[in-house]
Every structure is written in C-alpha cells, then in structure tokens.
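What follows is a single structure, written as structure tokens, with notes after it.
The shown structure was predicted, so the numbers you read here are calculated from the model rather than taken from an experiment.
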Amino acid sequence: MFALSTWNTAQTRSDFTSVSSLPQRYCYLIANCRMISFDFLLEKIGLLGFSQILICLLLSYDNAVGGYHSLLTVFIAYEPDYRCQVPPIDNATVYPNLTESDILNYTTPNDEFCYKYGYDYSSCDGTLSCVNQSANPIECDQGYWYDRSLFTETVITEYNLVCDRSYLIPLSTSMYYVGMLFGSLLFGNVADRFGRKPTLIVSIALTIACSFGCTFSVSVEMYSVFRALVACFHYGATIATFVYIMEIVGSKWRTLFGMIYQVFFSLGFMILGGLAYNWRDWHRLLFVVSIFSIPVLIIALILPESPRWLFAMEKDKEGRRVTEIMAKLNGVKLTDEDWDEARKAGEEKLNQQPRTESSAKYSILDLFKKSGIRLTTFKVMFNWFVNSFVYYGISLNAGSLAGDIFVNNTLNGVFEIASYTVCILVMDRIGRRILLSVMLLVSGTGLIASVIVNEYAGENESLITLGVVFAFVAKFGISGSFAIIYNFTSELYPTVVRSNGMGNGSMASRIGGITAPYVISLQNSITWLPNVIFGVFGLAAGLLSLSFPDTTGQPMMETLEQAEVFYKTGKVVDVNLANGDTINTKQLELDSEGVDNKGFDNQETVTSVQF
C-alpha cells in the first residue's frame with residue numbers, strides 16, 4: 001500500500017560554516033530556507049485556492065498509476081484451473097460428449113493436477129476402452145491445459161508457472177516490491193537535489209518505458225526484471241508528486257490532501273478492474289496500462305516547478321513567476337510590498353529558529369541507542385511490516401475470493417476509500433493510538449472470521465457471501481491502519497531522527513510486501529492458512545499498538561531527550577540541552593487543524609508516501 005522517502009535536513013546544519021555564501025548556508029535545503037517566506041506568500045494567495053486544487057488533482061493521478069501497477073498481478077498473474085494435456089481424450093472432435101469433469105475423472109488421479117494416469121493415450125480412438133485408472137501416475141509430458149474462460153492469457157499460462165515451476169509465481173510478484181525497496185534507496189534525495197519536476201519527468205518516463213518492456217517480455221525472467229524496474233522508477237515519481245502537493249497547500253489542508261492522494265491509489269486499482277474486464281490478455285492489459293500512464297508525463301511537462309523548492313534553491317526569479325501564476329489562478333494579485341514583506345518574514349523566521357541538538361549528525365543507529373526510542377523503533381518496525389504484509393496479502397489475493405474477481409476488486413477499492421474517510425473524520429477525536437489499534441484488530445478479526453465461515457460454508461450461498469463480507473471488513477481495517485501509521489510514526493520520532501525513523505519503518509514495510517506473495521502461495525496446500533497467518537499478525541499488531549504513547553494533541557518533538565521523556569510520560573515537555581539552550585515546545589504549535597501538521601514548518605523532514 002505505501003512507499004516512503006525522507007530527507008534529513010537536520011544533518012546539514014553542521015555544514016553551515018563550510019558554505020561560503022550566506023544565502024546558501026541557510027537555503028541548503030527546503031526546511032532551512034527562509035530568505036523568502038513561501039508560507040507568507042501562501043497566506044496572501046490563499047492556503048487553498050483553485051491553483052492548488054488543480055495542481056493537487058493533476059499530480060494525484062500519478063498515484064492512480066501506482067494503483068494500476070501495484071495490483072496488476074491480481075489479473076495478469078491470475079492462476080486458472082489447469083490439468084495435464086491428454087490428447088486425444090480432451091479433443092472435442094474425437095470425444096464430443098465428454099465434460100471437463102469426465103476428462104478429469106478418466107485422466108487425473110485424485111485431483112493431483114500435475115499428474116495423469118500413465119496409460120497409452122495414443123490408443124484412444126473415440127471409445128473409453130483405453131482408460132486405465134489403475135495405471136501409475138506420471139508427470140504431464142504433453143504440457144498443460146488451462147481454463148481460459150476468464151482470461152485468454154496470463155503470465156501463469158504463457159510461462160507455465162504451475163507444478164514444478166509454481167515457485168516462480170510468488171518470486172515474480174515479490175520482485176515488484178523488491179523494486180520499491182531499491183527505489184527508496186535510489187531516489188531518497190533526488191527530488192531535493194534536482195527538483196520535483198525533473199525527478200517526475202525522468203522517473204515517469206522510465207516507468208512508462210519499463211512498463212512497455214514488461215508488456216513485450218518473452219520470458220518470466222524478463223517480465224520479473226521489468227516489473228521490478230517499474231516499481232523502482234515509479235517510486236521517484238511518487239516522491240516528486242507527493243512532496244509537491246504538500247509544499248503548495250496550507251498546513252491545515254495537508255492531512256486532507258494527503259488522504260486524497262491515497263484515494264487516487266484506490267481509484268487506480270478500481271479502474272484497473274474495468275480495464276482487465278475489457279482486455280483479458282495480459283499483454284494487451286499491460287499495454288493499455290502503459291498508455292494510461294502517459295498522462296502523468298504530460299502533466300509533468302506542463303506544470304511548473306514547485307515554487308517552494310525554487311525559493312529554497314535561490315531561484316527567486318522562477319519562484320516569483322510560478323507564485324504569480326498561482327496567485328492569478330486564485331484571483332489574487334501580489335504587490336511589490338507583498339514580496340518585500342515575504343522577504344522580511346523569511347529573514348525574521350530565520351533569526352527566530354531555535355538552536356537544538358540538530359547541529360549534530362544522526363543516523364539510523366540513534367534509533368537503537370536509548371531504551372525508550374529503541375523499544376519504540378522495534379514496535380514501529382513490526383507495525384509497518386504487518387500493515388504492508390496484511391494489506392498486500394488481502395489485495396493480491398482478491399482473485400481467490402468467492403464471486404466475480406472484477407466486482408471484488410472494485411469493492412476492495414470502495415472499502416479502502418470508506419476507511420480513509422472514517423480516518424479523516426475521527427483520527428483527531430479518538431487519537432492515533434486507539435484508532436490504529438482498532439483498525440488492526442478489525443482487520444485481523446475479519447480475516448479470522450472469514451476463514452471460520454468459509455470452512456463451514458460448504459454450498460451455503462449465504463455463508464459464502466458472509467465470508468466475502470468479512471474479507472472486505474478486513475480490507476477496511478488494514479487500509480485505515482496503513483494510512484494512520486504514516487502520520488503516527490512521524491509524530492513518534494523527534495525532528496533530529498524523524499527521517500531515519502520513517503525510512504526505517506518504510507524498509508520494514510517493503511519486507512512485508514515482499515513476503516506476502518509467498519504466504520499467499522501456501523493456499524495451494526492449505527486453503528485457509530494464509531488468511532489465518534495474516535489475521536494473527538493483524539491481531540498481534542493491534543494489541544501491540546496499545547503500548548504506544550498517544551501523540552494526539554502533542555506538538556512535534558525536536559530532541560532525543562524530549563522523546564525519551566515522552567515515551568515514559570506521554571507528554572512533550574521542555575528539555576534543557578547540553579549547550580544550555582531550552583526548547584520551548586509551545587513555539588512548535590501551529591494554529592491549524594490536524595495535530596500531525598503541528599510543527600510542519602519547524603520540522604526538518606519531508607516525507608512522501610505511496611499506497
């Protein structure tokens with residue numbers, strides 16, 4: 001469901017004295033650049049106007065593309081019913097009256113579809129005298145027959161990923177999430193260094209190219225490599241689009257537009273269901289998905305660079321031009337006085353920046369040095385792993401649910417969007433910790449209930465339907481918890497290690513995504529086992545989440561000392577630092593809606609997410 005990238009600008013402050021230019025010294029990265037206050041300009045042009053809505057909606061389509069690619073395997077790697085080819089018994093011309101059930105009865109021992117009775121099939125001449133059901137079973141020496149009534153061709157049928165090659169199914173699916181893992185390492189700082197627009201253009205162009213490469217793959221190895229590259233490069237597009245959106249809206253709207261961005265992921269795989277319904281050959285479906293990705297490239301070429309990034313990089317002339325365009329679209333005219341005040345506001349804010357322990361350099365090792373943050377980190381990692389593990393376990397397994405695969409895929413999206421809506425409405429009211437725990441427990445309970453009902457359903461249509469409903473309830477829960485964990489994690493860590501904490505959680509989630517297809521494959525041996533595993537992990541993470549301190553109503557933490565106190569007391573308090581300075585956490589509070597936005601302008605981490 002999510003991907004993540006972080007930039008730790010706190011680590012750059014120790015390099016201030018080595019930068020000769022004073023503007024460069026303070027504008028090295030976005031969080032430190034205050035020479036022109038874009039926040040002040042936002043107040044003038046509108047925290048949310050037509051220009052922001054237009055840009056956000058256009059850029060959010062990139063996450064719909066993410067939805068296409070992430071869950072493509074539900075359709076292109078669909079595993080149909082299969083058996084050995086047994087000519088001429090399965091030749092309708094020679095045996096016109098045999099049903100598929102009859103063929104299985106005469107050729108396949110005890111539903112062992114990778115074997116057939118080893119009698120002489122060449123002697124079969126339209127009668128059944130050749131059939132010998134006591135003959136020793138042999139492997140399929142004439143290839144495989146597939147039920148092509150739903151999909152004419154899939155990756156499974158084209159490359160014969162059954163029987164002794166079935167291990168390649170979860171491996172090829174996992175490669176996509178391996179690609180996301182490498183993408184998080186490759187594109188970590190690209191968007192900050194080269195800009196949001198160039199990053200989006202290059203990454204989406206490479207995504208489209210690799211998608212077409214996957215379309216014309218001639219082997220499962222070629223297919224798997226291109227799928228991994230699609231995930232890797234699309235990660236760069238996700239970074240650029242999400243960060244761009246977060247930079248141009250007012251702080252009170254960031255939570256809402258972060259959720260809207262996630263909704264587009266759900267819309268993406270809902271649209272994918274319609275595309276798969278019309279194009280039943282995997283090559284054609286992937287070709288259409290590649291075409292549907294092109295609008296993002298057009299959007300990237302048309303839209304200007306992020307004005308906040310332009311000001312951060314001292315490109316004031318370009319930044320002013322873009323800001324003027326946004327103001328015009330919002331029906332506002334900026335005066336020379338406004339620009340003078342924006343510069344003064346930036347300089348004043350720069351002078352008011354509190355001195356913190358961020359002058360030191362921090363790494364991922366600092367997440368494990370002190371007892372409080374170490375325990376929190378292990379719990380965060382487990383939570384991220386479970387969220388990704390269960391989310392993709394449910395989403396990729398939509399084809400195994402009773403009922404129509406296309407309808408089930410659409411309903412998955414509907415329940416996901418409903419979950420986001422509930423989170424938006426109640427997260428600040430009941431708190432992150434409780435809501436995260438409830439959503440995980442709902443997901444785990446739904447999966448276990450689905451297993452129990454399905455085991456006793458038999459031919460009872462009402463119970464079969466109830467089992468599907470419980471599976472959708474599980475999807476509702478895990479979608480909500482996956483959305484919450486992003487906000488919650490960013491608030492659980494202090495500024496100086498926030499990017500490391502978020503990145504570490506993201507790494508754990510990638511492992512969950514890579515593991516899920518292998519667990520799904522266990523259903524070939526024991527049908528109920530995967531959902532039991534997913535359900536137990538969901539319940540465990542839900543109970544463990546109750547041990548987190550709740551960040552609701554608390555300002556962003558700045559230092560490790562503050563964090564240690566918070567983990568013990570549940571309160572963010574002022575802490576005296578070694579250099580004698582004191583951080584007043586009241587300075588971090590903003591008059592904005594959504595506690596997760598408090599301290600956004602003071603925190604030194606920019607995060608991007610992908611479902």
Of all the heavy-atom pairs spanning [X] and [Y], show the shortest one and how long it is.
| X | Y | value |
| --- | --- | --- |
| C163 | Y82 | SG-CE1, 3.9 Å |
| V442 | G477 | CG1-CA, 4.3 Å |
| S172 | V220 | CB-CG2, 4.5 Å |
| F226 | C210 | CD2-O, 3.5 Å |
| I452 | Y456 | O-CD1, 3.1 Å |
| S60 | C56 | OG-O, 2.7 Å |

Can you check whether [Y]'s main-chain N or O pairs, donor with acceptor, with [X]'s side chain at less than 3.5 Å?
| X | Y | value |
| --- | --- | --- |
| Q562 | T559 | yes |
| R227 | H69 | yes |
| S174 | I514 | yes |
| S443 | M439 | no |
| N110 | E112 | no |
| N63 | G66 | no |
| T376 | G372 | yes |
| S521 | Y518 | yes |
| T173 | P517 | no |
| S509 | S506 | yes |

**Item:** For V230, the option from V65, V289, V225, T207 that meets side-chain contact (heavy atoms from CB on, under 4.5 Å)
**Value:** T207
**Message:** Y493 vs L367, test: side chain to side chain contact (heavy atoms under 4.5 Å, CB included). Steps then yes/no.
**Reply:** CA-CA 9 Å; Y493 286 109; L367 301 177; 3.6 Å; yes
**Message:** Looking at D428 and R432, is there a salt bridge between them, counting it only when a charged N and a carboxylate O are closer than 4.0 Å?
**Reply:** yes
No-hydrogen, no-angle side-chain donor-acceptor test under 3.5 Å, [X] and [Y]:
| X | Y | result |
| --- | --- | --- |
| E455 | W528 | no |
| E416 | Y391 | yes |
| T489 | W384 | yes |
| Q523 | N397 | yes |

If I take atom [atom1] from residue [X] and atom [atom2] from residue [Y], how far apart are they, to the nearest 0.5 angstrom?
| X | Y | atom1 | atom2 | result |
| --- | --- | --- | --- | --- |
| I533 | L447 | CD1 | CG | 11.5 Å |
| L435 | R429 | CG | CZ | 12.5 Å |
| S224 | L171 | OG | CG | 6.0 Å |
| I239 | T241 | CD1 | OG1 | 9.0 Å |
| S388 | I485 | OG | CD1 | 12.0 Å |
| F368 | L375 | CZ | CG | 11.5 Å |

**Request:** Quick one: which residue pairs count as a side-chain hydrogen bond (donor to acceptor under 3.5 Å, both in side chains) with a foot in residues 541-550, not counting sequence neighbours?
**Result:** K379-S547, N383-S545, D550-T552
Using a 4.5 Å cut-off on heavy atoms from C-beta on, say whether the side chain of [Y] contacts that of [X].
| X | Y | value |
| --- | --- | --- |
| V380 | F548 | yes |
| Y567 | I373 | yes |
| S479 | F415 | no |
| I169 | V162 | no |
| S203 | H234 | no |
| C423 | M259 | yes |
| F151 | I76 | no |
| N531 | I394 | no |

**Request:** Walk me through it: do V414 and F472 pass the test side chain to side chain contact (heavy atoms under 4.5 Å, CB included)?
**Result:** CA-CA 9 Å; V414 170; F472 287 137; over 6 Å; no
**Request:** For side chain to side chain contact (heavy atoms under 4.5 Å, CB included), just list the numbers for I464 and N454, CA-CA rounded to whole Å, side-chain angles, deciding distance to a tenth of an Å, and then say yes or no.
**Result:** CA-CA 6 Å; I464 292 174; N454 288 334; 5.5 Å; no
**Message:** Could you tell me if R280 sits above the aromatic ring of Y277, with its cationic atom closer than 6.0 Å to the ring centre and no more than 45 degrees from the axis?
**Reply:** yes
**Prompt:** Does CZ belonging to F406 count more than 12 external heavy atoms closer than 6.0 Å?
**Reply:** yes
**Message:** Within a 6.0 Å radius of atom CZ on F182, are there more than 12 heavy atoms belonging to other residues, nucleotides or ligands?
**Reply:** no
**Item:** Residue among N160, D81, T154, T157 satisfying side chain to side chain donor-acceptor pair (under 3.5 Å) with Y146
**Value:** N160
**Request:** Tell me, please, which residues at least two apart from F233 pass ring-ring contact (aromatic ring centres under 6.0 Å, His included).
**Result:** none
Ring geometry between [Y] and [X] (parallel below 30°, tilted from 30 to 60°, perpendicular above 60°):
| X | Y | result |
| --- | --- | --- |
| F242 | Y261 | perpendicular |
| F265 | F269 | perpendicular |
| Y68 | Y61 | perpendicular |

**Prompt:** Residues two or more places apart in sequence or in another chain: which of them pass salt bridge (Lys or Arg N to Asp or Glu O under 4.0 Å) with E153?
**Reply:** R148
**Derivation of the side chain to side chain contact (heavy atoms under 4.5 Å, CB included) call for S525 and L529** = CA-CA 9 Å; S525 301; L529 186 57; over 6 Å; no
